[in-house]
Amino acid sequence: MVIDIALLGLLVIGIVWYVRRTTGTRQRIAQRVRHGVLRGAAGYAARVPGDPSNNVSQRVARRVASIGERMPVVDATQRSKLAMRLARAGFRERGAVSMLAGLKIVVGAGLALVAIATGGHLPRIGEYFVFRALLMAGAFMIGMMLPEFVLGIVIGRRQKSIAAYLPDALDLLVICTNAGNSLAVGIRRVATEMTWICPPLADEFSVTADQLQIGSDSASALNALAARIGLPSVRALVTTLVQSQQYGTPITQSLRVLSRTERTMQIVALEEKAAKLAPKMTLPMMLFIVPTVALIAAGPAVIRLVWVFRHQ
């Protein structure tokens, strides 16, 4: 027990020392951006105004974001990559990167504390200090990787939802362009129509429509849309729209061809999954269905033979 307390104290001292060592060169920049980061992190906890639990959630979010902002777990390049991944997951708030970095530290430290508390109760292995220290380090590393793993799952689900409803959005965009609407108006209309069908795609189209409406470069806004979503189909859509604007080709015809191509690709993907179903069913059939059929077919004969040999 004393060794576990000492190990916990070493963990806390190590984290505090690392914070003080790594924040020395970034202290001036951190002071300038901290207020903005904390205000952006408060959006994560916003639920119902006036709710007492809302203040608690905001304080927790501020503390986590403050830890992430003071802890340079990753460098500037990796932070930009994390910001892009968070944008693909739908988190475009100002303090999203700091929140994720803070969650990495908090989850890692929490799992390390759990490992310290439970490591001594493991049979045989828990008796050795080295194994408990290795268990604590492994739990801390797993906790550091766990938020990004969950983020990857969220990104995958969001991209799958967007890819499933992208052909429908293209059809609506074709209708809007046929009606004489501009690209910004058409994207805004599609975003409104897709709000209840596919909220992630409607959200991305709304952001793009806002960028186009405020006078941003259309190519930059469309390329930002492709970068935020990160799908090849959306990249093809952006390339089609940009080339249509540059060379003056009809957008409606290009979108119609692209929509037809996307639906064909979806059908091919479904046919591929259907073709893979038979090999995937072979092993479950051999493990569960074939023994049951053999038992039903040969069981009565085996029982009859046993009865005959016993009464001879």
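All values below were derived from every heavy atom in this structure, side-chain atoms included, with hydrogens, water molecules and symmetry-related copies excluded.
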Closest contact, heavy atoms only, [X] versus [Y]:
X    : Y    : result
A221 : T208 : O-CG2, 4.1 Å
A164 : P167 : O-CD, 3.8 Å
V107 : G143 : CG1-O, 3.5 Å
R158 : A87  : NH1-O, 4.0 Å
A184 : L212 : CB-CB, 3.8 Å
S161 : C198 : OG-SG, 3.4 Å

Inter-residue atom distance [X].[atom1] - [Y].[atom2], 0.5 Å rounding:
X    : Y    : atom1 : atom2 : answer
Q243 : S254 : CD    : OG    : 8.5 Å
L151 : F91  : CG    : CZ    : 7.5 Å
L183 : S244 : CG    : OG    : 9.5 Å
L231 : L237 : CG    : CG    : 11.0 Å
M265 : R260 : CE    : CZ    : 15.0 Å

State which residues pass salt bridge (Lys or Arg N to Asp or Glu O under 4.0 Å) with [X]; sequence neighbours excluded, sorted by chain then number.
X    : result
E193 : R189
R263 : D168, D171
R85  : E148

| task | For side chain to side chain contact (heavy atoms under 4.5 Å, CB included), just list the numbers for R304 and W307, CA-CA rounded to whole Å, side-chain angles, deciding distance to a tenth of an Å, and then say yes or no. | result | CA-CA 5 Å; R304 181 64 178 174; W307 184 83; 3.5 Å; yes
Look at the side chain of [X] and the backbone N and O of [Y], then say whether any donor-acceptor pair between them is shorter than 3.5 Å.
X    : Y    : value
T195 : T192 : yes
Q159 : I229 : yes
D203 : P199 : no

| side chain to side chain contact (heavy atoms under 4.5 Å, CB included) assessment of F205 paired with M194 | CA-CA 9 Å; F205 275 11; M194 297 293 293; 5.8 Å; no
| field | Pair listing, salt bridge (Lys or Arg N to Asp or Glu O under 4.0 Å) test, anchored in residues 221-245, at least two apart | value |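 Checked against salt bridge (Lys or Arg N to Asp or Glu O under 4.0 Å) - neighbours excluded - the pairs reaching residues 221-245 are E204-R228.
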Starting from [Y], can I reach [X] by hopping between I/L/V/M/F/W/Y residues whose side chains sit under 4.5 Å apart?
X    : Y    : result
L166 : I197 : yes
I155 : L82  : yes
V154 : L100 : no
V242 : L258 : yes
L172 : Y165 : yes

| message | When you compare the side chains of T177 and T252, does any donor N or O come within less than 3.5 Å of an acceptor on the partner? | response |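 A donor-acceptor contact under 3.5 Å links the two side chains.
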| message | If the condition is side chain to side chain contact (heavy atoms under 4.5 Å, CB included), which residues does L173 pass it with, not counting sequence neighbours? | response |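 Residues passing side chain to side chain contact (heavy atoms under 4.5 Å, CB included) with L173: I187, V190, L255.
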[Y] and [X], any side-chain heavy atoms less than 4.5 Å apart:
X    : Y    : answer
Q245 : L241 : no
V185 : S182 : yes
Q213 : R188 : yes
N178 : R256 : yes
R92  : L86  : no

| message | Applying side chain to side chain contact (heavy atoms under 4.5 Å, CB included) to T240 and I251, what does each step give before you reach the verdict? | response | CA-CA 8 Å; T240 301; I251 298 179; over 6 Å; no
| Criterion side chain to side chain contact (heavy atoms under 4.5 Å, CB included) on F140 and L111, from CA distance to verdict | CA-CA 6 Å; F140 183 76; L111 290 182; over 6 Å; no
Would you list the atom pairs, donor with acceptor, under 3.5 Å between side chains in residues 275-282 and any protein atom, with sequence neighbours excluded?
{"unit_1": "K276", "atom_1": "NZ", "unit_2": "E272", "atom_2": "OE2", "d": "3.4"}
{"unit_1": "T282", "atom_1": "OG1", "unit_2": "A278", "atom_2": "O", "d": "3.1"}
{"unit_1": "T282", "atom_1": "OG1", "unit_2": "P279", "atom_2": "O", "d": "3.4"}

